Protein chains: 2
Amino acid sequence: MPTNIRDLAQELQLSLATVSKALNGYEDVAAETRDLVTRKARERGYAPRAAARNLRRGRTDKIALFLNTGIDYVVDYLGAIIPGAVRSAQGFGQSLLLYTQTDADPEPLRQVCRAGEIDGIILFATHYDQETIDELLASRFPFVVMGRVIEDERVSYVAPDNYGGAYAATTHLLEQGHRRIAFLSRPELDTAHEARSRGYRDALQAASVPLDERLIVPTYIEPNSGRAPTQALLALEPRPTAIFAFHDQVAIDVIREVTAAGLAIPQDVAVMGFDGLRAGWMTRPTLSTVRQPLERIGERVVEIIQGQIAAPGGPAVQEELPVTLELRESA
Amino acid sequence: MPTNIRDLAQELQLSLATVSKALNGYEDVAAETRDLVTRKARERGYAPRAAARNLRRGRTDKIALFLNTGIDYVVDYLGAIIPGAVRSAQGFGQSLLLYTQTDADPEPLRQVCRAGEIDGIILFATHYDQETIDELLASRFPFVVMGRVIEDERVSYVAPDNYGGAYAATTHLLEQGHRRIAFLSRPELDTAHEARSRGYRDALQAASVPLDERLIVPTYIEPNSGRAPTQALLALEPRPTAIFAFHDQVAIDVIREVTAAGLAIPQDVAVMGFDGLRAGWMTRPTLSTVRQPLERIGERVVEIIQGQIAAPGGPAVQEELPVTLELRESA
DNA sequence: TGTGCTTACGAAAACGTTTTCGTAAGGGGC
DNA sequence: GCCCCTTACGAAAACGTTTTCGTAAGCACA
């Protein structure tokens, strides 16, 4: 049985109240007493029971991170985002609680909120239907969406600048002299797809390069989804001289197929990805890409939730963090 | 103000006790009453306050996962291990709490234990000094070490079969006819290094291939740590015909250097990794490797901690999970 | 009728804090 | 000597459960 505040008080000949106040930095306790208490607390290895404290204070200093592990590629981001988020949370005296959630069943999320298990929620890379979002808004429970733009002024989110990234990537390829630039899209990721797609189109238009719809080919969320589309692109006459892939995962398929076709990268076909995963360093040639500030996104999302916790129902914070063009070998 | 158990009781004209017992599956409540209570609870969206429940029951149904994000490569495992661990925990009605921890300062860990914030601890891929381990053992606080073998019969761990994996990898190379097989070691990772190193040596010995100490070259935990050692190996006379890298991260450096030297993989030099990271699929040629069952390790560690929680101070469970040789293109 | 057993429920304690409010002691000003 | 203010502390309520223990009601049995 570890020591509790009562033991401490008894040993110090003080009341519970005074000990508690000393430990929590209240003003109305003599400096001398405070020293005495803190010293004894350290000596006895006292830490207030979290449950009791949470119960009384009505908050837990915990934030939930809801993952949709059903979506395969989420896994690639996890390692990049989590360290930033955890560190940031710890900086606020909070810790991160992990939950998995399937789109189909919002019940776990509801449960966790109502049980007062956490102070706020981070929704990660998942498609939550409008109903869940509305429910959260109605309950005024603090939450922030991560990695995804939500078209609703009341919800906070942090996402990469998908439009700007795609625009920059396409512009770079144009500056390299490319005129036939293909785009491997990913319609399933609706908002990100819309933005990146628009960035691609706008960049072409800004350079007065006519859009060839045959150069826009969809890929889907499944392994090797970039391979067949790449083959199709390479068979076109005239062949595209550059391929901009929706994200790195697909770009890696592209590199494989282009190389297999006996073409040189970037001489015959330049390849550009999106995300900046570590894996991009491992291809040959290494992958030029648009780097998302994943660690920063993790940090930022935790920072933003603080505001939501302090003022539930307050104004939403919507941020699209700048991405950076990371030019390696493939473009 | 969400609904209370008191509200519920009042509305049902029952006592708190009965409502609580109905919801917790106690026997001494009429089936009819139980139905009434559960129905009303669902209707009102009632969930018991976690803090109050934890306080009373003396447990939290939460498990801490301590990460050492200071070590870069931990990040690569995170995405692979976490989904399994979270899902498994949820299966036990528990959730996972994430903390970062630096080797230098065990204070956060102590604090979390003493605050009763969690029921058990998973120590991941970190070098905890004997003092911390001893302290945990003395306190009888449930904990399991993940990814690392601990030479102490009292501590539970789940790790990959490092010895077997290295033995199998080396044996495979031998079966391919290789006689000069280099080993890029990683002395900093002491226990894993010892086991993999031993597997390599034993396999050579079993095949009666003499050990050439010049073929064992250390690498260190830093980016590109495999490049210079590979160059050194390639400069040897006679050149090694196969290189077994301590792990995939290094193997990727090897592939890069070997290719840069104008040598063909696997014809001139075969390359073998260890870990089975997704990144291994992205190299060219794809990396043959020893796959750790990372997801399974995550699950298993959560399962084992259940036993520790049920019987603190009980017998330790030590498991080395089988790895599988994953032959792709590089060997 | 008295005894004993089973069933279903309620009263109340306990979990360990934080925080509000009250108050005693001390000091200064008149 | 009186009043007021500040400082430092303590008593006690409150947070919302779970769980122990007591007991009333109903029934069977002798």
Side-chain angles (χ1 to χ4, degrees), chain A residues 1-41 44-62 93 111-119, chain B residues 1-41 44-62 93 111-119:
Chain A
M1 185 78 65
T3 53
N4 59 20
I5 201 176
R6 201 184 325 259
D7 302 341
L8 221 55
Q10 194 159 9
E11 201 167 348
L12 287 161
Q13 302 280 42
L14 287 171
S15 72
L16 303 187
T18 305
V19 174
S20 173
K21 284 191 281 196
L23 293 174
N24 287 297
Y26 274 62
E27 286 302 327
D28 67 339
V29 40
E32 194 182 351
T33 310
R34 186 192 317 281
D35 284 355
L36 230 57
V37 171
T38 51
R39 200 166 325 126
K40 181 66 85 177
R44 285 278 173 274
Y46 168 76
R49 300 261 121 189
R53 158 181 277 235
N54 294 344
L55 177 58
R56 175 60 224 227
R57 305 179 107 179
R59 65 191 160 91
T60 64
D61 293 323
K62 295 198 199 331
Q111 200 75 4
V112 167
C113 292
R114 287 199 290 239
E117 200 120 36
I118 49 169
D119 298 342
Chain B
M1 187 76 67
T3 51
N4 231 350
I5 200 176
R6 203 185 322 264
D7 303 341
L8 220 55
Q10 193 158 9
E11 204 168 346
L12 287 161
Q13 303 279 42
L14 287 171
S15 73
L16 303 187
T18 304
V19 174
S20 173
K21 285 190 280 195
L23 293 173
N24 287 298
Y26 274 62
E27 286 303 325
D28 68 338
V29 40
E32 194 183 351
T33 311
R34 184 193 318 280
D35 284 355
L36 230 58
V37 172
T38 51
R39 201 167 324 127
K40 180 67 82 180
R44 286 278 173 274
Y46 167 76
R49 300 262 121 188
R53 159 180 278 236
N54 294 343
L55 176 58
R56 176 58 226 227
R57 305 178 107 180
R59 65 189 160 94
T60 64
D61 294 323
K62 295 195 201 329
Q111 201 76 1
V112 167
C113 291
R114 288 199 289 240
E117 200 120 36
I118 49 170
D119 298 341

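Here is the naming used below: chain letters follow the sequence lines, and residue numbers restart at 1 for every chain. Because the structure is a prediction, the values reported are computed rather than measured.
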Rounded to 10 degrees, the angle between the two terminal axes of the helix from C/dT1-D/dA30 to C/dC30-D/dG1, each from five pairs: 60°

Which residue lies more 5' along DNA chain C, comparing B/L14 with A/L23 via nearest heavy atoms: B/L14

B/R44: partners by salt bridge (Lys or Arg N to Asp or Glu O under 4.0 Å), with sequence neighbours left out: B/E11

Atom pair distance, as rounded to whole Å: CG in A/N54 and C1' in C/dT18: 12 Å

Contacts of B/R34 that satisfy salt bridge (Lys or Arg N to Asp or Glu O under 4.0 Å) - sequence neighbours left out: none

Non-neighbouring partners of B/K21 that pass side chain to side chain contact (heavy atoms under 4.5 Å, CB included), sequence neighbours left out: B/A17, B/Y26, B/D28

Sequence-distant partners of A/N4, side chain to side chain donor-acceptor pair (under 3.5 Å), two or more places apart: none

A/S20 side-chain N/O to C/dT17 phosphate OP1/OP2 under 4.0 Å: no

Distance in angstrom units between B/Q10 CD and D/dG16 C1', rounded: 15 Å

Set of residues satisfying salt bridge (Lys or Arg N to Asp or Glu O under 4.0 Å) with respect to A/R49, sequence neighbours excluded: none

Sidechain-backbone polar pair: B/T60 side chain, B/N54 backbone, donor-acceptor under 3.5 Å: no

Test side chain to side chain contact (heavy atoms under 4.5 Å, CB included) applied to A/L14 - qualifying residues, sequence neighbours left out: A/L12, A/T18, A/V19, A/T33, A/V37

Within residues 24-35 of chain B: residues closer than 4.0 Å to DNA chain D (heavy atoms): B/N24, B/Y26

By side chain to side chain donor-acceptor pair (under 3.5 Å) - contacts of A/N24 (at least two apart): A/S20, A/R53

Results of side chain to side chain contact (heavy atoms under 4.5 Å, CB included) for B/I118 - residues two or more places apart only: B/K62, B/A64, B/L97, B/V112, B/I121, B/F141

Short side-chain N/O contact from A/T18 to OP1 or OP2 of D/dC9, under 4.0 Å: no

A/D61: partners by salt bridge (Lys or Arg N to Asp or Glu O under 4.0 Å), with sequence neighbours left out: A/R59

Expected rows: protein N/O vs nucleotides 13-15 of chain D N/O, under 3.5 Å:
{"unit_1": "D/dA14", "atom_1": "N3", "unit_2": "A/R56", "atom_2": "NH1", "d": "3.1"}

Distance in angstrom units between B/K21 NZ and C/dA11 P, rounded: 11 Å

